[in-house]
Amino acid sequence: MTVWEPGRAAGLARMEAFTPQMGRAYSAKRNIDLGPGRNDHVSGLSPWVRRRLVSEETVVRAALEAHGPRAAEKFVQEVLWRTYWKGWLEMRPEVWTAYAAEVAERRGRGEAGREAVLAAEQGRTGIEGFDDWARELVQTGWLHNHARMWFASIWVFTLKLPWALGADFFLRHLLDGDPASNTLSWRWVAGLQTPGKTYLATAENIARFTEGRFRPGGLASEAFAVEGEPAPAARPLPVAAGATPDGPHLLLITTEDLTPEDSVGPWEICGVVSAMEPGTDQRGELARRFLEGGLVDAERRAVGRYGQAVSRLGRLDGPALVEAVRAAGATGVVTAYAPVGPTASALAGARPVLQAAGLDLVSVRRPWDETLWPLASRGFFPFREKAEPALRALGLPV
């Protein structure tokens, strides 16, 4: 049974334990969902990877070195999907903005279908499998990837509930809840991501890949794409940090990258602060606990790396950062790059406040992201074709 202890050491230990299964064994069994505590044929690494407690590059390197590129292909591809979604959304941030606005509007107006949404979230629909997955999500903070697809399809096409509220339900409870992969996967199921292409869950497919645990009746037999605005064209990837700025800087640790000691580079650090992700209080208990534990672990490692205490900000905003910079005697803030999502939005709001005070905000993007995100301008398969030489350029044995 996978245990998600919120720390880097636990994530690395899980990776080491699963590395022998990252090859052909993973490829053969990865689509099977055996239920809570029985899915050790998939890695369960996503909560640590999501928060960069363990990086994508570290996981991919372990798979390739242990099994070689052919045997590890499927495992590496699953990691690349997460990277692809992040790059895709980074070049189309308005998709996230529209999703967040729709969730806020629907939650705020208390629409007539609210009881149906609550019944779905609480596993009270009477649909076999679906109700079990709803409860499993809340009780464990995780779902098998195949179950996520079935759940989303039933939510949208059988129950005819708003896709954005289903995505919000996942984002609030998943330990690996990610603005990119979660939002865009729900859009894909609903037919918004790839125009005209939807995902329809069937009783036969569910029975096959749960090994007969579930065969729900009454599922939708057709999946008509949800109406919505088409995806915008990709814009250039936003520029991250260039040359190392002069002067001492305040290091900001956010929950978007909980291993800042190997990501921010050779800046002169004169103080360290940390901040929880905005909106954490709206997440499920397990997701909050994992985030808190991960941030505490990162703070502890930062003390060892930089030799000074870490202060936790009450709010991630401009005034709080200005005050912290002044207290540290710094000339600005340096932080690991935050991709599209709540933290990035908070930093975007803080930047002009810092600038008005004559302070800079430097975001440092990891080489993995800098190399691979720009390749996500189109679909996944063109991205995958370009990924192999990119991985080779990063020094990975592909």
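- Shown here for Arg14 and Val42, the closest heavy-atom pair between the two residues is NH2-O, 3.2 Å.
- Between Arg213 and Asp132, no side-chain nitrogen of the basic residue sits less than 4.0 Å from a carboxylate oxygen of the acidic one, so the salt-bridge criterion is not met.
- A salt bridge links Glu256 to Arg51: at least one charged side-chain nitrogen sits closer than 4.0 Å to a carboxylate oxygen.
- Of the possible polar contacts, one joining the Thr210 side chain to the Ile206 backbone as a donor-acceptor pair under 3.5 Å is found.
- Gln282 and Arg172 share no side-chain donor-acceptor pair at under 3.5 Å.
- With Trp133 as reference, Phe214 is the one residue of Phe214, Trp142, Phe151 to meet the ring-ring contact (aromatic ring centres under 6.0 Å, His included) rule.
- Note on Phe381: it does not cluster hydrophobically with Met91, by side-chain heavy-atom contacts below 4.5 Å among ILVMFWY residues.
- For the atom pair CG of Leu45 and CZ of Arg82, the computed distance is 10.5 Å after rounding to the nearest 0.5 Å.
- Ion pairing between a basic and an acidic side chain is recognised when a charged N comes within 4.0 Å of a carboxylate O; Arg312 and Glu292 show such pairing.
- Side-chain atoms of His249 do not come within 3.5 Å of backbone N or O of Glu268 as any donor-acceptor pair.
- A donor-acceptor pair under 3.5 Å is formed between the side chain of Arg8 and the backbone N or O of Leu53.
- The pair Arg148-Asp176 counts as a salt bridge, with a side-chain nitrogen and a carboxylate oxygen less than 4.0 angstrom apart.
- The aromatic rings of Phe169 and His173 lie perpendicular to each other, with more than 60° between the two planes, well past the 30° mark.
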From CA spacing to verdict: side chain to side chain contact (heavy atoms under 4.5 Å, CB included), Arg124, Leu118: CA-CA 8 Å; Arg124 296 186 287 106; Leu118 284 175; 4.2 Å; yes

Step-by-step salt bridge (charged side-chain N to carboxylate O under 4.0 Å, His left out) determination, Arg235 to Glu94: CA-CA 11 Å; Arg235 64 178 68 176; Glu94 57 268 46; 3.1 Å; yes

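- By the 4.0 Å N-to-carboxylate-O rule, Asp178 lies close enough to Arg50 to be salt-bridged with it.
- Side-chain atoms of Thr158 come within 3.5 Å of backbone N or O of Ala220 as a donor-acceptor pair.
- The backbone N or O of Thr259 sits less than 3.5 Å from a side-chain atom of Asp257, completing a donor-acceptor pair.
- The pair Arg30-Glu78 counts as a salt bridge, with a side-chain nitrogen and a carboxylate oxygen less than 4.0 angstrom apart.
- Shortest non-hydrogen contact noted between Ala344 and Pro339 is CB-O, 3.2 Å.
- Both Leu161 and Trp188 sit in one connected hydrophobic cluster of ILVMFWY residues. Membership requires side-chain heavy atoms under 4.5 Å apart, directly or through other members.
- Ring-plane geometry between Phe18 and Tyr26 is classed as perpendicular, the angle between the planes exceeding 60 degrees on a 0 to 90 degree scale with a lower cut at 30.
- Judged by distance alone, with hydrogens and angles left aside, the side-chain atoms of Ser274 form no donor-acceptor pair with the main-chain N or O of Glu299 at under 3.5 Å.
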Side chain to side chain contact (heavy atoms under 4.5 Å, CB included) assessment of Leu359 paired with Thr331: CA-CA 6 Å; Leu359 306 170; Thr331 59; 5.5 Å; no

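- Residues Ile127 and Leu165 fall within the same hydrophobic cluster, defined by Ile, Leu, Val, Met, Phe, Trp and Tyr side chains chained together at heavy-atom separations under 4.5 Å.
- Closest approach of Met22 and Phe75 over heavy atoms only: O-CB, 3.3 Å.
- Residues Trp4 and Trp48 have side chains in contact (heavy-atom distance under 4.5 Å, counting atoms from C-beta outward).
- Shortest non-hydrogen contact noted between Ala324 and Leu250 is CB-CD2, 3.7 Å.
- Nearest heavy-atom pair, Ala338 versus Thr343, reported as atom, atom and distance to 0.1 Å: CB-CG2, 3.8 Å.
- Rounded to the nearest 0.5 Å, atoms CD1 (Ile32) and CG (Asn39) are 9.5 Å apart.
- Nearest approach of Val76 to Ala63, heavy atoms of both residues: CG2-CB, 4.4 Å.
- Between Phe383 and Tyr84, the ring planes lie tilted relative to each other; the angle falls in the 30° to 60° range.
- Side-chain contact annotation: Ser181 with Trp81, donor-acceptor N/O pair under 3.5 Å absent.
- For the pairing with Val273, the side chain to side chain contact (heavy atoms under 4.5 Å, CB included) check across Leu251, Leu313, Val333 returns one residue only, Leu313.
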Stepwise salt bridge (charged side-chain N to carboxylate O under 4.0 Å, His left out) test for Glu90 and Lys86: CA-CA 6 Å; Glu90 202 65 22; Lys86 279 190 174 292; over 6 Å; no

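- Residues Leu372 and Val340 are members of one and the same hydrophobic cluster, defined by side-chain heavy-atom contacts under 4.5 angstrom among Ile, Leu, Val, Met, Phe, Trp and Tyr.
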Worked verdict on Arg187 versus Val95 for side chain to side chain contact (heavy atoms under 4.5 Å, CB included): CA-CA 10 Å; Arg187 280 174 53 87; Val95 172; 3.8 Å; yes

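- Remark: side-chain polar atoms of Thr335 are not paired, donor with acceptor, to backbone N or O of Ser363 under 3.5 angstrom.
- Note that OG of Ser27 is 12.0 Å distant from NE2 of His41, once rounded to the nearest 0.5 Å.
- With respect to Arg52 and Asp262, no salt bridge is recorded, no charged nitrogen being found less than 4.0 Å from a carboxylate O.
- The residues Glu285 and Arg289 are annotated as salt-bridged, a charged nitrogen and a carboxylate oxygen being separated by less than 4.0 angstrom.
- Side-chain heavy atoms closer than 4.5 Å link hydrophobic residues (I, L, V, M, F, W, Y) into clusters, and following such links, even through other members, never connects Tyr337 to Val364.
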Test log, rule salt bridge (charged side-chain N to carboxylate O under 4.0 Å, His left out), inputs Glu128 and Arg215: CA-CA 7 Å; Glu128 182 185 19; Arg215 184 183 287 271; over 6 Å; no

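- Side-chain contact check for Asp168 versus Trp186: every heavy-atom pair is 4.5 Å or farther apart.
- For the residue pair Asp131 / Thr125, a side-chain donor-acceptor distance below 3.5 Å is found, with atom types taken as modelled.
- Using a 4.0 Å cut-off between a side-chain N of Lys or Arg and a carboxylate O of Asp or Glu, Glu57 and Arg366 do not qualify as a salt bridge.
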